Amino acid sequence: MEKNTNNTSDFDINSLIKPYLTRWYWFLISIVLAVILGLLFIKTSVPVYNVKSAVLIKDAQKSLGAGVDDMGVLGGLSGFGGMSTNSIENEVEVFKTKKLARDVAAINHLQTSVFSNQEFQKRELFGDTSPIIIHVINEKKNKDFPTESFLISFEKNKVSLRSEEFNFDQNVEYGRSISLPFANIIITKNAAFDKEKAGKIGDELEIDFAPLESAASNIQKMVQVDLADKDATVINLNIDHPQTDKAKAILRSLVDSYNKDAIVDKNSESHKTKEFIDERIGKISVELGNVESEKERFKTEHKITDLMTEAKINLESSADAKKKQLELDAQLELNNNLINYLSKQNTYQLLPVNIGLDNQESNASIANYNKMVMDRNRLLENATPQNPLVQEITQQINSMKRSVSESLNKNKVALQLALNEYQSEQNKIGSRITKIPFQEKLFRSLERQQQIKENLYLLLLQKREETAISLAVVAPKARIVEPAFVGDKPVAPKKMIILLASLVLGILLPFVFIYLKELTNTKITSKDDLKRLTNTPVVAEIPSVKKNIAHVIKQNDFSPLAEAFRILTTNIGFMLPKINSGKTIFVTSSIKGEGKTFVSMNLALSLSQSDSDKVIIIGADIRNPQLQRYNQGKNPGKGLTEFLYDKSTTVDEIIFQNPNNVKCDIIYSGTIPPNPTELLKNGRLEALLEELKSKYQYIIVDTAPLLLVTDTLTIIQHADLKLYVTRSNFTDKALIDFANDTMETGKLDNVAFVLNDVTKENFGYGNKYGYGYNNK
């Protein structure tokens, strides 16, 4: 008998990997299928290539640094800096915008895709490999685009266009508008079609239609934009696509659309700048004219040509007038002194001469007067005053003295008038000089305004010329430094990765399936499962029997089933009492369908194989009789129920020969009673067993399931050994807890488990060595 032992780590490992090892062929089949599918995928997949391009974006700091001038505030108005950028990250995001993707889709007619199905491959035709070009004129509002492809076939100058999805089938002409349920299109021949390059494309093509927004979204997902280096202004553009011509066209169109938008933005800015400059020039010219007019009016009102010159002249005039005034004061003083002297002197005295008097007439009169006085004095030396000559000259002297006096008085009056005139002029000049600071303040304010307006006017004129030049000169913002080129090797499908993934998937799928199956399996599958759930010994594993094989063992039977029951009979021999006859074995289970009747019958047949042993089997499950099915459908007559119910019924009346073995007798269950529990407890069963013990070495009792009814527990004390039958992949693990509880509470003793219906891969030892000597 096999004893239950404590679980070891080796046992745990073996039990863990056993479900996988027993299904090794699953892994082999899965790996082979996965690799075949991987090879088919590689064979039927269209190679995907990586198409690259690189563009250089103008650096704002460099382009602006060369043209900066003193008026830095207006340095960007000319538009020369408009084609550069301050942040290269912004330009990367611009390349990713849907607006550019939408332009690319419209330019290259990417709302439609033409495919050719040849040699298990769906190949896209584009550019010079497509015989037709499909133009989407406009999309119809609120109409859904097709989810399935249109089919197009060619016939001379006409094409046949059809779709099962839209129930559409028409012959259309090239260059004519076609109204589809979702859009209006025109189909034209491709003048650039290269038949040799296109290869074999067949007579029927597939066409996929997509809305413009959807096509733009696909381009956005397709194009990869990143910086070549964080310190550079070079942007890398990448596309992974099976149609390399299409990928190249997308990259070229993307750069062209980017430059076009940049030029439009730049020219729009320049136009706005020019309009602003023209407007400001008009306003500044008016303001400058007003300042000039104000300056002219100021000079006219103040009679000034040049303020500084006028101030200098006034100062010089004031100094000259002051000097002249001093001279006139001196002359007037001399003149007055001579008048006073002339009035106080004695007659016939000489007058002073050469004293600085600036009057020729007075000086001449004084000189004549002094000459006549001197002549008279010479005459008086030789003659008397009464001398006629003396008297005559005396008269002349008196007359001359009056002339001198009149001349000095006239000179006095003239000097006084001149002095007054100079004094008045001095006052006027002084008044003009005092007004100069105020006039200078006003004039400087006007001059300052004039200078500001002039500088701003000249600057705006310069910017207007620069803006006009920038409008005339159009340079791309993004310069292509690496034209679009295709990588040497396809990036997909990656053959080794696909094969490796197929291999891993082939291993993983059965592993996951088995793991999930084991994880969710609540049924007992093997003896190891049963031994982990209970400490009660497991005395036998009964193999699963196919439907076309006999379910009962025969005489001299060496089948796996017979060998399993021989092992069972051997193991229970160690648990039965050492008596010569009447060894009573109760066979029970938790629920219906676990195979207790099958085990009971075959155990009885196995024990009856010995020449000396006589065996009887009793159908004690009187609620659900099952032994009758081994009687080949014949009515056995009276059974256990009749014996228990009718005291007049003898034991010999209910004993029948087992149709499968003459040395094995059988007592069938009989008629199903209304009160099976009371019948089993009435004492008749005990008397039956006592009588049978003297006639049979082994008494096998097929009892009712313990979990469903209490019938078995009422008679369990009559058993020497209780075989508790469980069924692989049928008995729930929770039912073993019920069996353990029943044993722990003392309701069952001397119990052994039998695992029924075990598949070959779940045998503990049988799977490794087989049963019987004739097992091949």
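Every value quoted in this text rests on a predicted model; they were computed, and no experiment measured them. Here, residue 1 is the first one in the sequence, and each next residue gets the next number.
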Please report the closest heavy-atom contact between [X] and [Y], naming both atoms and the distance.
X	Y	answer
Asp128	Ala192	CB-O, 3.0 Å
Ala101	Ile219	O-CD1, 3.7 Å
Ala484	Leu251	CB-CD1, 4.2 Å
Ser179	Phe168	O-CE1, 4.0 Å
Leu212	Gln111	N-NE2, 3.3 Å
Val225	Val223	CG2-CG1, 3.8 Å

Contacts of type side chain to side chain donor-acceptor pair (under 3.5 Å), residue [X], not counting sequence neighbours:
X	value
Thr520	none
Lys99	Asp103, Asp261
Ser253	Asn108
Glu213	Arg102

Working for side chain to side chain contact (heavy atoms under 4.5 Å, CB included), residues Ile178 and Leu180: CA-CA 6 Å; Ile178 306 169; Leu180 298 179; 4.0 Å; yes

With a 4.5 Å limit on heavy-atom distance, are the side chains of [X] and [Y] in contact?
X	Y	result
Phe154	Ile132	yes
Ile480	Val255	yes
Val758	Pro543	no
Ser177	Ile137	yes
Lys58	Arg479	no
Leu227	Val234	no
Lys122	Ser149	yes
Asn184	Val136	no

Does [X] [atom1] have over 12 foreign heavy atoms under 6.0 Å away?
X	atom1	result
Lys98	NZ	yes
Gln121	CD	yes
Asp226	CG	yes
Asp229	CG	yes
Lys733	NZ	yes

Can you tell me how far the [atom1] atom of [X] sits from the [atom2] atom of [Y], to the nearest 0.5 Å?
X	Y	atom1	atom2	result
Leu530	Thr525	CG	OG1	10.0 Å
Ile134	Ile185	CD1	CD1	5.5 Å
Phe115	Leu151	CZ	CG	13.0 Å
Ile42	Met496	CD1	CE	9.0 Å
Lys248	Gln243	NZ	CD	10.0 Å
Tyr258	Leu100	OH	CG	9.0 Å

Under 3.5 Å: donor-acceptor pair, side chain of Arg727, backbone of Gly593: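 Confirmed, Arg727 side chain pairs with Gly593 backbone.
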
Donor-acceptor contact below 3.5 Å, side chain Ser130 vs main chain Gly127: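 No: the side chain of Ser130 does not pair with the backbone of Gly127.
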
By salt bridge (charged side-chain N to carboxylate O under 4.0 Å, His left out) - contacts of [X] (at least two apart):
X	value
Lys523	Asp732
Lys246	Glu124
Arg123	none

Asp203 and Ser153: CA distance, side-chain angles, deciding distance, side-chain hydrogen bond (donor to acceptor under 3.5 Å, both in side chains) verdict: CA-CA 6 Å; Asp203 297 328; Ser153 56; over 6 Å; no

Salt-bridge criterion met for Asp278 and Lys463 (N-O under 4.0 Å):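 Salt bridge between Asp278 and Lys463, a charged N being under 4.0 Å from a carboxylate O: no.
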
Salt-bridge present (Asp529, Arg532; N to O < 4.0 Å):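 A salt bridge is present here (some side-chain N lies under 4.0 Å from a carboxylate O).
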
Pairs flagged by salt bridge (Lys or Arg N to Asp or Glu O under 4.0 Å) wherever residues 130-143 is involved - sequence neighbours left out: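 Applying salt bridge (Lys or Arg N to Asp or Glu O under 4.0 Å) to every pair that reaches into residues 130-143, excluding sequence neighbours, yields nothing.
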
Would you give me the side-chain donor-acceptor pairs under 3.5 Å for residues 507-517, sequence neighbours excluded?
none

Results of side-chain contact (heavy atoms from CB on, under 4.5 Å) for His109 - residues two or more places apart only: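 Listed in chain order: Ile133, His135.
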
Side-chain H-bond candidate by donor/acceptor type, Ser163 with Glu165, under 3.5 Å: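 No.
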
Residues that Phe182 engages under ring-ring contact (aromatic ring centres under 6.0 Å, His included), provided they are two or more places apart: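 Once residues adjacent in sequence are excluded, the partners of Phe182 under the ring-ring contact (aromatic ring centres under 6.0 Å, His included) criterion are Phe145, Phe150, Phe166, Phe209.
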
Met222 vs Ile250, side chain to side chain contact (heavy atoms under 4.5 Å, CB included): CA-CA, chis, key distance, verdict: CA-CA 10 Å; Met222 191 187 308; Ile250 290 174; 3.9 Å; yes

Pairs of donor and acceptor atoms involving the side chains of residues 44-57, under 3.5 Å and at least two apart or interchain, shall be tabulated with distances.
residue	atom	partner	partner atom	Å
Thr44	OG1	Leu40	O	2.8
Thr44	OG1	Phe41	O	3.4
Ser45	OG	Phe41	O	2.4
Asn50	ND2	Asp240	OD1	2.7
Ser53	OG	Glu482	O	2.8

Stepwise side chain to side chain contact (heavy atoms under 4.5 Å, CB included) test for Asp194 and Thr129: CA-CA 6 Å; Asp194 188 340; Thr129 61; over 6 Å; no

Candidate pair Phe95 and Ile235, rule side chain to side chain contact (heavy atoms under 4.5 Å, CB included), full reasoning: CA-CA 9 Å; Phe95 272 103; Ile235 296 177; 3.9 Å; yes

Step-by-step side-chain hydrogen bond (donor to acceptor under 3.5 Å, both in side chains) determination, Asp757 to Ser544: CA-CA 4 Å; Asp757 199 20; Ser544 178; 2.8 Å; yes

